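Structure first, commentary second.
Just so you know, these numbers come straight off a predicted model, no measurement behind them. Sequence lines set the chain letters: A, B, ... in the order given, protein chains first and strands last, and positions in each chain run from 1. What you see below is based on every heavy atom in this structure, not just the backbone, and it leaves out hydrogens, waters and symmetry mates.
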There are 2 protein chains.
Amino acid sequence: MLSKKTKYGIKALVHLAKQEERSPVQIGTISLAENISQKFLESILLSLKKTGILGSKKGKGGGYYLLKDPKDIPMTTVMRVLEGPIAMVPCVSLNFYEKCDDCPDENTCAVNKIMLEVRDSTLEIFKNTTLFDLCL
Amino acid sequence: MLSKKTKYGIKALVHLAKQEERSPVQIGTISLAENISQKFLESILLSLKKTGILGSKKGKGGGYYLLKDPKDIPMTTVMRVLEGPIAMVPCVSLNFYEKCDDCPDENTCAVNKIMLEVRDSTLEIFKNTTLFDLCL
DNA sequence: TTTTACTCTACTAAATCTATAGGGTATTGG
DNA sequence: CCAATACCCTATAGATTTAGTAGAGTAAAA
(Lines give C-alpha, C1' and ligand atoms only; values in the text may rest on other atoms or scores of the structure.)
Protein backbone atom coordinates (compact mmCIF):
# COMPACT_ATOMS: atom_id res chain seq x y z
CA MET A 1 0.00 0.00 0.00
CA LEU A 2 1.09 3.50 -0.87
CA SER A 3 1.85 5.67 2.14
CA LYS A 4 0.03 8.95 2.59
CA LYS A 5 3.36 10.65 2.35
CA THR A 6 3.78 9.44 -1.21
CA LYS A 7 0.20 10.15 -2.12
CA TYR A 8 0.36 13.69 -0.75
CA GLY A 9 3.75 14.21 -2.32
CA ILE A 10 2.50 13.27 -5.77
CA LYS A 11 -0.54 15.50 -5.40
CA ALA A 12 1.62 18.41 -4.35
CA LEU A 13 4.01 17.88 -7.27
CA VAL A 14 1.13 17.73 -9.72
CA HIS A 15 -0.27 20.89 -8.18
CA LEU A 16 3.03 22.63 -8.79
CA ALA A 17 3.34 21.20 -12.29
CA LYS A 18 -0.05 22.60 -13.19
CA GLN A 19 1.04 26.15 -12.43
CA GLU A 20 1.44 28.07 -15.63
CA GLU A 21 4.16 30.26 -14.22
CA ARG A 22 7.05 28.70 -12.38
CA SER A 23 6.67 31.11 -9.47
CA PRO A 24 6.78 29.81 -5.89
CA VAL A 25 3.62 28.41 -4.33
CA GLN A 26 3.14 28.55 -0.56
CA ILE A 27 2.75 25.40 1.49
CA GLY A 28 -0.51 26.74 2.84
CA THR A 29 -1.97 27.15 -0.63
CA ILE A 30 -1.17 23.57 -1.59
CA SER A 31 -2.33 22.11 1.68
CA LEU A 32 -5.63 23.88 1.32
CA ALA A 33 -6.16 22.95 -2.31
CA GLU A 34 -5.21 19.30 -1.87
CA ASN A 35 -6.65 18.63 1.57
CA ILE A 36 -3.35 17.90 3.24
CA SER A 37 -2.26 18.68 6.78
CA GLN A 38 0.00 21.70 6.43
CA LYS A 39 2.67 20.52 8.84
CA PHE A 40 2.84 17.08 7.30
CA LEU A 41 3.06 18.55 3.83
CA GLU A 42 5.87 20.77 5.04
CA SER A 43 8.07 17.79 5.83
CA ILE A 44 7.21 16.11 2.54
CA LEU A 45 8.10 19.16 0.48
CA LEU A 46 11.29 19.51 2.45
CA SER A 47 12.40 16.02 1.51
CA LEU A 48 11.52 16.70 -2.11
CA LYS A 49 13.71 19.74 -1.92
CA LYS A 50 16.61 17.88 -0.37
CA THR A 51 16.60 15.40 -3.21
CA GLY A 52 16.68 18.08 -5.85
CA ILE A 53 13.16 17.88 -7.22
CA LEU A 54 11.92 21.11 -5.72
CA GLY A 55 13.44 24.49 -5.04
CA SER A 56 12.21 26.95 -2.46
CA LYS A 57 12.24 30.63 -1.82
CA LYS A 58 11.98 32.15 1.63
CA GLY A 59 10.34 35.32 2.80
CA LYS A 60 7.35 37.20 1.49
CA GLY A 61 6.22 35.83 -1.87
CA GLY A 62 8.17 32.66 -1.21
CA GLY A 63 7.19 29.03 -1.51
CA TYR A 64 8.10 25.88 -3.41
CA TYR A 65 8.56 25.40 -7.13
CA LEU A 66 9.68 22.71 -9.55
CA LEU A 67 13.33 22.81 -10.54
CA LYS A 68 12.77 21.04 -13.83
CA ASP A 69 10.17 20.82 -16.54
CA PRO A 70 7.43 18.34 -15.54
CA LYS A 71 8.21 16.40 -18.71
CA ASP A 72 11.69 15.76 -17.35
CA ILE A 73 10.55 14.32 -14.04
CA PRO A 74 9.81 10.61 -14.38
CA MET A 75 7.72 8.86 -11.75
CA THR A 76 10.59 6.52 -10.96
CA THR A 77 12.40 9.44 -9.37
CA VAL A 78 9.34 10.64 -7.51
CA MET A 79 8.45 7.20 -6.21
CA ARG A 80 11.95 6.38 -5.04
CA VAL A 81 12.24 9.62 -3.12
CA LEU A 82 8.83 9.44 -1.53
CA GLU A 83 8.05 5.75 -1.17
CA GLY A 84 11.49 4.18 -1.36
CA PRO A 85 11.97 0.92 -3.27
CA ILE A 86 9.66 0.18 -6.17
CA ALA A 87 10.16 -3.56 -5.82
CA MET A 88 7.99 -5.51 -3.41
CA VAL A 89 10.93 -7.39 -1.93
CA PRO A 90 14.41 -5.98 -1.23
CA CYS A 91 16.07 -8.87 -3.06
CA VAL A 92 14.73 -7.68 -6.41
CA SER A 93 15.27 -3.99 -5.80
CA LEU A 94 17.63 -2.12 -8.10
CA ASN A 95 18.26 0.90 -5.90
CA PHE A 96 17.63 -0.57 -2.46
CA TYR A 97 18.93 -4.10 -2.84
CA GLU A 98 19.24 -6.30 0.23
CA LYS A 99 19.76 -10.01 0.53
CA CYS A 100 17.02 -11.97 2.25
CA ASP A 101 18.34 -13.51 5.43
CA ASP A 102 16.03 -16.50 5.24
CA CYS A 103 16.60 -17.35 1.60
CA PRO A 104 19.52 -19.62 0.69
CA ASP A 105 19.49 -18.90 -3.05
CA GLU A 106 17.82 -16.09 -4.95
CA ASN A 107 18.06 -17.86 -8.27
CA THR A 108 15.82 -20.67 -7.15
CA CYS A 109 13.50 -18.59 -4.97
CA ALA A 110 9.90 -18.60 -6.14
CA VAL A 111 9.10 -15.28 -4.50
CA ASN A 112 12.09 -13.62 -6.09
CA LYS A 113 11.06 -14.96 -9.45
CA ILE A 114 7.56 -13.54 -9.63
CA MET A 115 8.38 -10.31 -7.85
CA LEU A 116 11.07 -9.66 -10.40
CA GLU A 117 8.45 -9.75 -13.11
CA VAL A 118 6.19 -7.42 -11.17
CA ARG A 119 9.02 -5.00 -10.57
CA ASP A 120 9.89 -4.89 -14.25
CA SER A 121 6.39 -4.13 -15.37
CA THR A 122 5.85 -1.53 -12.68
CA LEU A 123 9.17 0.08 -13.44
CA GLU A 124 8.27 0.27 -17.09
CA ILE A 125 5.18 2.28 -16.26
CA PHE A 126 6.91 4.64 -13.86
CA LYS A 127 9.76 5.14 -16.28
CA ASN A 128 7.44 6.13 -19.09
CA THR A 129 5.23 8.40 -17.04
CA THR A 130 6.32 11.91 -16.15
CA LEU A 131 4.76 14.48 -13.91
CA PHE A 132 3.48 16.13 -17.06
CA ASP A 133 1.48 13.05 -17.99
CA LEU A 134 -0.31 13.18 -14.66
CA CYS A 135 -1.51 16.70 -15.32
CA LEU A 136 -3.61 15.78 -18.32
CA MET B 1 6.66 -3.95 0.50
CA LEU B 2 5.56 -7.53 0.72
CA SER B 3 4.87 -8.70 4.26
CA LYS B 4 6.73 -11.68 5.63
CA LYS B 5 3.39 -13.38 5.99
CA THR B 6 2.89 -13.30 2.24
CA LYS B 7 6.46 -14.24 1.51
CA TYR B 8 6.36 -17.20 3.88
CA GLY B 9 2.93 -18.18 2.62
CA ILE B 10 4.10 -18.33 -0.98
CA LYS B 11 7.17 -20.32 -0.04
CA ALA B 12 5.05 -22.79 1.90
CA LEU B 13 2.60 -23.17 -0.97
CA VAL B 14 5.42 -23.77 -3.43
CA HIS B 15 6.89 -26.32 -1.06
CA LEU B 16 3.57 -28.15 -1.04
CA ALA B 17 3.18 -27.84 -4.80
CA LYS B 18 6.55 -29.43 -5.31
CA GLN B 19 5.50 -32.60 -3.50
CA GLU B 20 5.03 -35.39 -5.97
CA GLU B 21 2.35 -37.05 -3.93
CA ARG B 22 -0.50 -34.99 -2.56
CA SER B 23 -0.01 -36.45 0.93
CA PRO B 24 -0.04 -34.14 3.97
CA VAL B 25 3.14 -32.32 4.97
CA GLN B 26 3.68 -31.32 8.59
CA ILE B 27 4.11 -27.69 9.58
CA GLY B 28 7.41 -28.57 11.20
CA THR B 29 8.80 -30.00 7.99
CA ILE B 30 7.95 -26.89 6.01
CA SER B 31 9.16 -24.49 8.68
CA LEU B 32 12.49 -26.31 8.78
CA ALA B 33 12.93 -26.50 5.04
CA GLU B 34 11.95 -22.90 4.39
CA ASN B 35 13.47 -21.23 7.45
CA ILE B 36 10.20 -20.02 8.88
CA SER B 37 9.19 -19.71 12.52
CA GLN B 38 6.93 -22.68 13.13
CA LYS B 39 4.30 -20.85 15.13
CA PHE B 40 4.09 -18.01 12.64
CA LEU B 41 3.79 -20.44 9.77
CA GLU B 42 1.06 -22.21 11.67
CA SER B 43 -1.16 -19.14 11.58
CA ILE B 44 -0.39 -18.54 7.91
CA LEU B 45 -1.31 -22.07 6.88
CA LEU B 46 -4.44 -21.83 8.95
CA SER B 47 -5.60 -18.78 7.04
CA LEU B 48 -4.81 -20.51 3.76
CA LYS B 49 -6.95 -23.35 4.90
CA LYS B 50 -9.85 -21.13 5.89
CA THR B 51 -9.92 -19.59 2.45
CA GLY B 52 -10.04 -22.93 0.73
CA ILE B 53 -6.56 -23.16 -0.72
CA LEU B 54 -5.26 -25.80 1.65
CA GLY B 55 -6.72 -28.82 3.35
CA SER B 56 -5.42 -30.37 6.54
CA LYS B 57 -5.36 -33.69 8.26
CA LYS B 58 -4.95 -34.11 12.00
CA GLY B 59 -3.21 -36.77 14.00
CA LYS B 60 -0.25 -38.94 13.17
CA GLY B 61 0.71 -38.65 9.53
CA GLY B 62 -1.26 -35.42 9.30
CA GLY B 63 -0.33 -32.06 7.90
CA TYR B 64 -1.35 -29.65 5.18
CA TYR B 65 -1.90 -30.31 1.49
CA LEU B 66 -3.10 -28.47 -1.59
CA LEU B 67 -6.76 -28.85 -2.40
CA LYS B 68 -6.29 -28.16 -6.08
CA ASP B 69 -3.76 -28.77 -8.79
CA PRO B 70 -1.01 -26.12 -8.65
CA LYS B 71 -1.89 -25.19 -12.23
CA ASP B 72 -5.34 -24.18 -11.06
CA ILE B 73 -4.13 -21.82 -8.36
CA PRO B 74 -3.43 -18.37 -9.81
CA MET B 75 -1.29 -15.93 -7.88
CA THR B 76 -4.15 -13.44 -7.75
CA THR B 77 -5.92 -15.76 -5.34
CA VAL B 78 -2.81 -16.33 -3.27
CA MET B 79 -1.90 -12.65 -3.07
CA ARG B 80 -5.38 -11.53 -2.12
CA VAL B 81 -5.62 -14.04 0.68
CA LEU B 82 -2.15 -13.39 2.07
CA GLU B 83 -1.41 -9.77 1.29
CA GLY B 84 -4.85 -8.31 0.71
CA PRO B 85 -5.39 -5.78 -2.06
CA ILE B 86 -3.14 -5.94 -5.09
CA ALA B 87 -3.64 -2.26 -5.86
CA MET B 88 -1.43 0.32 -4.18
CA VAL B 89 -4.34 2.56 -3.26
CA PRO B 90 -7.78 1.45 -2.10
CA CYS B 91 -9.50 3.66 -4.68
CA VAL B 92 -8.24 1.51 -7.55
CA SER B 93 -8.74 -1.83 -5.84
CA LEU B 94 -11.14 -4.28 -7.44
CA ASN B 95 -11.71 -6.50 -4.44
CA PHE B 96 -11.01 -4.09 -1.60
CA TYR B 97 -12.34 -0.81 -2.99
CA GLU B 98 -12.58 2.21 -0.71
CA LYS B 99 -13.11 5.85 -1.50
CA CYS B 100 -10.33 8.23 -0.49
CA ASP B 101 -11.58 10.67 2.11
CA ASP B 102 -9.28 13.45 0.97
CA CYS B 103 -9.93 13.18 -2.75
CA PRO B 104 -12.87 15.07 -4.24
CA ASP B 105 -12.93 13.26 -7.59
CA GLU B 106 -11.30 9.99 -8.59
CA ASN B 107 -11.61 10.69 -12.27
CA THR B 108 -9.36 13.72 -12.10
CA CYS B 109 -6.99 12.36 -9.45
CA ALA B 110 -3.41 12.00 -10.66
CA VAL B 111 -2.58 9.32 -8.11
CA ASN B 112 -5.59 7.27 -9.07
CA LYS B 113 -4.64 7.53 -12.70
CA ILE B 114 -1.15 6.12 -12.52
CA MET B 115 -1.92 3.57 -9.84
CA LEU B 116 -4.67 2.19 -12.03
CA GLU B 117 -2.09 1.45 -14.70
CA VAL B 118 0.20 -0.20 -12.19
CA ARG B 119 -2.61 -2.31 -10.84
CA ASP B 120 -3.57 -3.52 -14.30
CA SER B 121 -0.08 -4.60 -15.22
CA THR B 122 0.53 -6.29 -11.89
CA LEU B 123 -2.81 -8.02 -12.07
CA GLU B 124 -1.99 -9.30 -15.51
CA ILE B 125 1.13 -10.99 -14.18
CA PHE B 126 -0.54 -12.51 -11.16
CA LYS B 127 -3.44 -13.71 -13.27
CA ASN B 128 -1.18 -15.50 -15.70
CA THR B 129 1.09 -17.06 -13.11
CA THR B 130 0.04 -20.14 -11.20
CA LEU B 131 1.66 -21.93 -8.31
CA PHE B 132 2.88 -24.45 -10.85
CA ASP B 133 4.85 -21.78 -12.70
CA LEU B 134 6.72 -20.90 -9.53
CA CYS B 135 7.91 -24.48 -9.14
CA LEU B 136 9.94 -24.51 -12.33
C1' DT C 1 -5.24 -44.65 24.85
C1' DT C 2 -1.32 -42.35 23.85
C1' DT C 3 1.06 -39.79 20.69
C1' DT C 4 0.97 -36.75 17.08
C1' DA C 5 -0.20 -32.66 14.87
C1' DC C 6 -3.50 -29.34 13.79
C1' DT C 7 -6.70 -25.44 16.10
C1' DC C 8 -7.51 -21.35 18.43
C1' DT C 9 -7.10 -17.31 21.49
C1' DA C 10 -4.61 -13.93 23.54
C1' DC C 11 -0.81 -11.20 24.11
C1' DT C 12 3.37 -8.37 23.08
C1' DA C 13 7.67 -6.15 21.41
C1' DA C 14 9.14 -3.54 17.73
C1' DA C 15 8.60 -0.86 13.79
C1' DT C 16 6.31 2.30 10.89
C1' DC C 17 3.05 5.72 9.78
C1' DT C 18 0.87 9.97 10.36
C1' DA C 19 0.94 13.40 11.95
C1' DT C 20 1.51 17.63 15.82
C1' DA C 21 4.10 21.13 18.46
C1' DG C 22 7.01 24.64 18.65
C1' DG C 23 10.77 27.19 18.07
C1' DG C 24 14.51 28.90 14.69
C1' DT C 25 16.15 31.35 10.63
C1' DA C 26 16.49 33.50 6.21
C1' DT C 27 14.39 36.78 3.05
C1' DT C 28 11.85 40.43 1.30
C1' DG C 29 8.85 44.33 0.82
C1' DG C 30 8.02 48.57 2.77
C1' DC D 1 16.16 49.10 9.18
C1' DC D 2 12.49 45.87 10.59
C1' DA D 3 8.69 43.26 10.94
C1' DA D 4 6.03 40.10 8.58
C1' DT D 5 6.27 36.12 5.95
C1' DA D 6 7.32 31.54 5.02
C1' DC D 7 10.63 28.07 4.91
C1' DC D 8 13.72 25.02 8.18
C1' DC D 9 14.46 21.66 11.72
C1' DT D 10 13.95 18.68 15.84
C1' DA D 11 11.38 16.23 18.96
C1' DT D 12 7.59 13.68 20.29
C1' DA D 13 3.44 10.92 20.39
C1' DG D 14 -0.79 8.24 19.23
C1' DA D 15 -2.41 4.72 16.12
C1' DT D 16 -1.74 0.92 13.43
C1' DT D 17 0.61 -2.96 11.53
C1' DT D 18 3.96 -6.53 11.68
C1' DA D 19 6.02 -10.44 13.26
C1' DG D 20 6.01 -13.14 16.11
C1' DT D 21 5.35 -16.01 21.21
C1' DA D 22 2.84 -18.64 24.69
C1' DG D 23 -0.01 -21.92 25.91
C1' DA D 24 -3.96 -24.55 26.21
C1' DG D 25 -7.31 -27.34 23.49
C1' DT D 26 -8.99 -30.89 20.24
C1' DA D 27 -9.32 -34.32 16.66
C1' DA D 28 -7.45 -38.43 14.59
C1' DA D 29 -4.57 -42.29 13.85
C1' DA D 30 -1.83 -46.21 15.24
Integer-rounded Å distance: D:dA19 P and B:Leu2 CG: 9 Å
Verify same cluster id: B:Ile10, B:Val81 (apolar side-chain graph, 4.5 Å): yes
Presence of A:Tyr8 side-chain N/O under 4.0 Å of C:dA19 phosphate oxygens OP1/OP2: yes
Polar pair under 3.5 Å, donor/acceptor by atom type, side chain B:Lys5, base D:dG20: no
Atom pair distance, as rounded to whole Å: CG in B:Leu54 and C1' in C:dA5: 15 Å
Value rounded to 0.5 Å, distance of OG1 in B:Thr6 from CZ in B:Arg80: 13.5 Å
A:Ser3 and A:Glu83: side chain donor to acceptor below 3.5 Å: yes
B:Gln38 CD to D:dT21 C1', straight-line distance once rounded to whole Å: 12 Å
Pairwise 5' ranking along DNA chain C for A:Ser3 and A:Gly59, keeping only the more 5' one: A:Ser3
A:Leu41 CG - D:dC9 P separation (whole Å): 16 Å
N/O donor-acceptor pair, side chain A:Glu42 with base D:dC8, under 3.5 angstrom: yes
Side-chain H-bond candidate by donor/acceptor type, A:Lys49 with A:Ser56, under 3.5 Å: yes
Other residues, nucleotides, ligands: >12 heavy atoms within 6.0 Å of B:Lys113 NZ: yes
A:Lys60 vs A:Lys50, nearer the 5' end of DNA chain D by closest nucleotide: A:Lys60
Separation of C:dA19 P from A:Ile36 CD1 (nearest whole Å): 10 Å
Integer-rounded Å distance: C:dC8 P and B:Ile27 CD1: 12 Å
Presence of salt bridge, A:Lys7 and B:Asp102, under 4.0 angstrom: yes
Sugar-phosphate, base or nothing in reach of A:Gly63, heavy atoms under 4.0 Å: sugar-phosphate
Given C:dC8, D:dC9, C:dT18, the nucleotide with the shortest approach to the side chain of A:Phe40: C:dT18
Touch class at under 4.0 angstrom, heavy-atom based, for B:Leu45 against every strand present: nothing
N/O (side chain, A:Lys49) to phosphate O (OP1/OP2, D:dC8) under 4.0 Å: yes
N or O in side chain of B:Tyr64 less than 4.0 angstrom from C:dT7 OP1/OP2: yes
B:Lys57 NZ to C:dT4 C1', straight-line distance once rounded to whole Å: 12 Å
Interatomic distance, B:Ile30 CD1 vs C:dA5 C1' [rounded to whole Å]: 12 Å
Candidate nucleotides C:dA21, C:dT18, C:dC8, ranked by approach to the side chain of B:Lys39 - the nearest: C:dC8
Phosphate OP1/OP2 of C:dA5 contacted by B:Ser56 side-chain N/O (<4.0 Å): no
B:Lys58 side-chain proximity, nearest of D:dA29, D:dC7, C:dC6: C:dC6
